[in-house]
Every structure is written in structure tokens, then in C-alpha cells.
Amino acid sequence: MSKAIAMQEITTEQQHILQQHLLSEFAVLKEKVKARLATSSKSYLNDLVPQVDNMNADTLIDSLVHSESHSLNLYKKQIKSIDAALQGMELGLYGLCSDCETELDIDALLECPTKQRCDSCETKYQQQKVKGFKL
């Protein structure tokens, strides 16, 4: 299936709305990261607070790489998902399943703009992920 056809399914207006939503989510996450960094007992994390607003996703994730905080790790995961969706938009791949490249349902994207897989591939991915944790 052509990538150009997939992008026609998502109107320019819908893509703009999704992009703005993702950027807003990223801004909210930055605020949460700053709040968490400010309460850290580690001074190197406290020192990052004034820099966060000027960081892009990659820089922010790299800056938090040594953090052992559960909440910061959760924020990093969310930031990665947002960044992947925004990069997909730039590359013209947004709206395609990352595994099988079928078009994702626009309603599903509007509900969850960071959706990367169709339902079938997401099920397979989750099953493989669970199997990977078995000892």
C-alpha cells in the first residue's frame, strides 16, 4: 500500500490537530519532568531543570539516561512515543502500522495519536513482549 495513499486518509487539518496535540503533550511532559527533577536528591538532576524547556526530545531523553526514577522512566517512554509520532509525520509515515505498514484507523489515531501498530500487530507485539519476560 502506498505511503501517499495512507497520508490521504488523514486530512491536512486532522494531521495538524494531531501534531498540535502531540506538541502539547510534550510540553506537559516537560513540566512534569521539571517538577520531578526539582525534587530529586541528586544535584545533577536538579541542575537540568532550567535547561528542560530548550531541549528537544532526544536531548531530554539523553539527559535522563542515568535516572533511576520510575516516574522519569515513564516520562521518557512517553516522550519517545510522541517523538516517534512527530518523526513519522515528518517522514510521511504517520498513520501506517510500524510492523505491517497497513493504514491505521483515523479514529484510533485521533483517540491515541502515538498509536504505532494496527490492532493485530499490537496483539502480536504484546504477546512477544510477555514471552520475553518469562524465565
Side-chain angles (χ1 to χ4, degrees):
M1 197 163 285
S2 166
K3 292 173 192 155
I5 292 172
M7 289 310 294
Q8 289 174 2
E9 295 297 318
I10 301 171
T11 66
T12 303
E13 181 181 345
Q14 289 169 325
Q15 185 170 345
H16 179 73
I17 290 167
L18 290 165
Q19 183 179 35
Q20 291 307 307
H21 178 75
L22 290 165
L23 292 171
S24 294
E25 276 191 56
F26 183 46
V28 168
L29 282 170
K30 280 185 170 184
E31 291 303 315
K32 289 180 179 182
V33 167
K34 287 190 322 186
R36 179 61 185 94
L37 292 174
T39 62
S40 176
S41 61
K42 298 182 180 177
S43 62
Y44 75 92
L45 291 175
N46 299 134
D47 294 341
L48 291 174
V49 173
Q51 301 170 38
V52 170
D53 285 331
N54 297 321
M55 292 182 181
N56 64 26
D58 289 335
T59 305
L60 183 53
I61 290 165
D62 289 346
S63 297
L64 302 175
V65 74
H66 296 295
S67 168
E68 296 173 8
S69 162
H70 175 72
S71 59
L72 286 175
N73 286 332
L74 178 61
Y75 297 152
K76 285 191 300 188
K77 182 179 178 182
Q78 292 170 332
I79 290 167
K80 286 178 185 180
S81 293
I82 290 170
D83 190 49
L86 292 169
Q87 293 297 321
M89 286 179 181
E90 285 183 28
L91 296 171
L93 299 172
Y94 185 74
L96 296 176
C97 175
S98 62
D99 293 343
C100 70
E101 297 183 7
T102 60
E103 295 174 20
L104 299 177
D105 180 64
I106 185 63
D107 291 333
L109 286 171
L110 290 169
E111 185 177 321
C112 179
T114 58
K115 185 173 179 72
Q116 294 182 345
R117 292 178 180 83
C118 65
D119 292 340
S120 175
C121 289
E122 182 63 31
T123 299
K124 290 175 193 172
Y125 174 77
Q126 292 300 329
Q127 289 171 345
Q128 291 172 346
K129 192 171 156 182
V130 170
K131 287 179 185 176
F133 287 116
K134 290 185 180 177
L135 297 177

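Everything numeric here is computed off the predicted structure, so don't read it as measured data.
Shown here are the salt bridge (Lys or Arg N to Asp or Glu O under 4.0 Å) partners of Asp105, two or more places apart in sequence or in another chain: there are none. With sequence neighbours excluded, no residue satisfies side-chain hydrogen bond (donor to acceptor under 3.5 Å, both in side chains) with His16. Not counting sequence neighbours, the partners of Lys34 by the side-chain hydrogen bond (donor to acceptor under 3.5 Å, both in side chains) test are Glu31, Asp53.
Residue Leu74 is not grouped with residue Ile61 when hydrophobic side chains (ILVMFWY) are merged at heavy-atom distances under 4.5 angstrom, including chains of intermediate members.
Under the 4.5 Å side-chain criterion, counting only non-hydrogen atoms from C-beta, Leu37 is in contact with Leu64. With a 4.5 Å cut-off on side-chain heavy atoms, Leu109 and Tyr94 count as touching.
Of all heavy-atom pairs spanning Ala57 and Ile79, the tightest one is CB-CG2, 3.7 Å. Of all heavy-atom pairs spanning Thr39 and Arg36, the tightest one is OG1-O, 2.9 Å. Here the shortest heavy-atom pairing between Pro113 and Leu22 reads CB-CD2, 3.7 Å.
In the model, Ser71 has a side-chain atom that pairs as donor or acceptor with a side-chain atom of Ser69 under 3.5 Å. In this structure, a donor-acceptor pair under 3.5 Å is present between the side chains of Glu122 and Gln126.
Annotation: the span from Leu72 atom CG to Leu48 atom CG amounts to 9.5 Å, rounded to 0.5 Å. Atom NZ of Lys124 and atom SG of Cys118 lie 7.5 Å apart (nearest 0.5 Å). Distance check: Tyr44 OH to Ser67 OG gives 6.0 Å after rounding to the nearest 0.5 Å.
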